[in-house]
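The block underneath contains the structure these notes are about, expressed in structure tokens.
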Amino acid sequence: MKKLTNKAVLFAILGLVVVYGIVTILHQNHILNDYIMRIIILMMINAILAVSLNLINGFTGLFSVGHAGFMITGGYVAGFITTLVFKVTAETPYYQALPMFVIAILAAGAVSALVGFLIGLPVLRLSDDYLAIVTIGFGEIIRVIFNFISFKVDKGGWVQDVGGPRGLSGIPLLSNFTLVMIVFVLTIIIIRNFIYSRHGRACIAIRENEVAAHLMGINITKYKVMAFVLGSTFAGVAGALLAHIIQMLHPTMGGFMKSVEYLIMVYLGGMGSISGSVIAAFGLTAVSEFLRPIGELRMVLYGVLLIILMLKMPAGLMGRKEFPFLVPLKERQIHAKN
Amino acid sequence: MEVFLSQFIFGIQRGTIYALIALGYTMVYGVVRLINFAYGEVFMLGALFSFFIIQLMPLPPVLNVIVALLVPMALCAILGLAMDTVAYKPLRAKPRLAALITAIGVSFFLSNLVSYIGPDSVRTVSVLLFATAGLVILMTLSQKLFNFPKVPKSTGINWLKRSIMVGSLCLLGAVAWIAKPALALLRWKGSSFTAFPVDKLFEVVKYPIFGSVYITNVQIVIIIVAVVLMVALSFLVNRTMLGMAMRASKNNKEAVSLMGINVNSVIAFTFIIGTALAGAAGVLSAITYPRITAFMGIQPGLKAFIAAVLGGIGSIEGAMVGGIIMGLAEQFAIGLAPSSFGAAHIDFTPLAEGISFAILIVVLLLRPQGIFGEPPQDKV
């Protein structure tokens, strides 16, 4: 058998660099306007969310419906840090704001991870239905809490609310294409490496058969919590990026409706496929921008799409297939032999 | 004492509404192990249907109340049957998670459809009926048309299906892009909520019972209706053949079908009963809180589910008791939370809304099978 070289990864890296270069050049020459750049950034943020939700729902076989809750938690933490602790404004030079933003992103990830741990630990011992309900409930609790928190910060002459029913506004625009792309690629790499590690295999074993996995000596609760916490960490990071592109946060953004959008991305792309989630997130974000003129009818179509997907195409677009560059070389060699 | 008593009355009233929805959850979960998330939306539609009935038909008062309760119940039952046939029945043999996701899809679809059309237009009912009929036709057609022979090697995924899917998505996008102006015209929205005309049903009368505590005739009617419905339900489940079939299906579906009972129709009946009760709960709720919105069902739906978990999911008595406990707990939390605390005047009432979820976490930690439930047994 001819040994497979890791050409796919090389091509992928090359492709990334080329795409990055082209988009940057086009943007600098004003061929891609700010609106399109914004959509591209939103696509990547949604892809981070979809991939991290796929880790929970697709690879570990859990059923979380509260991904937007973790996202909004991260968003609030990051927005709070940049806007109110470091007092970054639109006038702050970018090289000064960037380290603060990185700290904010890390803090957002950490807080979301902590929240995910606190929620996951009691609930993941029970069956999936309970997790679904608890995560929906979590989104509602987040809404209630951010509605409740209302301490005020004096910021350059005007008093600003944190949380409260009006939401957090005045967040500086710090997420740019380069930064979001770096985080996006990092997320894909980390989650892909997790899945093909010993831990990831344990998670997949749990998805396939919990009892059998338990008998093989896998600590079920530990790995479920691990996947859940990792997923919610990336949701928090994505929330931090999102907060700094749409520049405001509202308690209702963490609710059920938003979470269902990410669920649709995961199931459209295919449960247990990183590539599928990325494709679906990119596609759905773009399509929903095209569908903006029809307003809320979009949401109705999403509901129908979810039902039809489950009835007619439970495997989604990609099933469990991956792009070759997302599969380790060894794995591909094994599949090539068979 | 007076505060306590009046909060108690309000709590019972709130609790009966939760209990009625929880009954639907618990019955369906007992038989098919499916959380039908769409009960909250059925609840909303019940209120909406009742609103239309009252608007359409000027009837004498007593008859009006009965019609405004029974017709929405019947409509909701039809909706429940449609939901079961279209969305859940094809997934019986699939993993449970698939049906759960479909349930979320149904719930999302219904609430957003009503929100899109606007809850105060008469068009709502007609559009809803058309949409349901259209979905049924679409499903049967697609089953006839897209029933391609399976390629033996592929496990449920092939390029044909995939390209059809991508193609139809692209087509949808293209159509939407071309028809943008037409679609923008379609975007018609009335006000986001509508007031339920309670005055056409009752003249609210307050009966004093103790000091400043009073009970209104609306509350009495609600409690009586709920009790009658629950008694009827327990008669149905415990004394009739259908109820026996339901209880048997809960234990062992295979054995029941070997006895010559059509399990699918038993499940369909469970859905019908559950949705009818949720519809009734919607009407009762609209009478007390006369404000109908498209998303009014989400919160009561979730809380009713928590009530079902609290009582022990799968147990009918559990749903009733759990609902009442939930209603009381929530009412006391709202009524007794300080609305101004300390120097900063912190208002704690928003936090009271979260009490139900706190209850859920505590129940799941201490007694996951609920008050009346039996501990689950894993069969390998």
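Throughout, a chain's letter reflects where its sequence line sits, starting with A, and its residues are numbered from 1.
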Ignoring hydrogens and angles, write down the donor-acceptor pairs under 3.5 Å from the side chains of residues 275-282 of chain A, residues two or more places apart or on other chains.
residue, atom, partner, partner atom, Å
A/Ser275, OG, A/Glu322, OE1, 2.5
A/Ser275, OG, A/Phe323, N, 3.0
A/Ser277, OG, A/Asn54, ND2, 2.6
A/Ser277, OG, A/Ser273, O, 3.3

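- Residue pairs meeting the salt bridge (charged side-chain N to carboxylate O under 4.0 Å, His left out) criterion with at least one partner in residues 51-72 of chain A, sequence neighbours excluded, do not occur; the list is empty.
- Of the atoms belonging to B/Ile313, it is side-chain heavy atoms, and not backbone ones, that fall under 4.5 Å from chain A.
- For the pair B/Ser111 (side chain) and B/Ala294 (backbone), a donor-acceptor distance under 3.5 Å is absent.
- A/Ser232 places no side-chain N or O within 3.5 Å of a backbone atom of A/Ala235 that could act as its donor or acceptor partner.
- Residue contact with chain A, scored on non-hydrogen atoms closer than 4.5 Å, involves the side chain of B/Leu302 exclusively.
- If you measure heavy-atom distances from B/Leu360 to chain A, the contacts under 4.5 Å come from the side chain alone.
- Of all the listed residues (B/Val309, B/Ile298, B/Ile306, B/Ile35), the one sharing the greatest number of non-hydrogen pairs under 4.5 Å with chain A is B/Ile35.
- With hydrogens and angles ignored, the 3.5 Å screen pairs no side-chain donor or acceptor of B/Thr26 with any backbone N or O of B/Ala22.
- Judged as a ring pair (Phe, Tyr, Trp, His ring centres under 6.0 Å), and not counting sequence neighbours, A/Tyr267 has no contacts.
- Within residues 258-265 of chain A, the residues having any heavy atom less than 4.5 Å from a heavy atom of chain B are, in residue-number order, A/Val260, A/Leu263.
- Under the 6.0 Å cut-off for aromatic ring centres, B/Phe295 and A/Phe256 do not qualify, their centroids lying 6.0 Å or more apart.
- Between the B/Tyr25 side chain and the B/Gly301 main chain, a donor and an acceptor come within less than 3.5 Å of each other.
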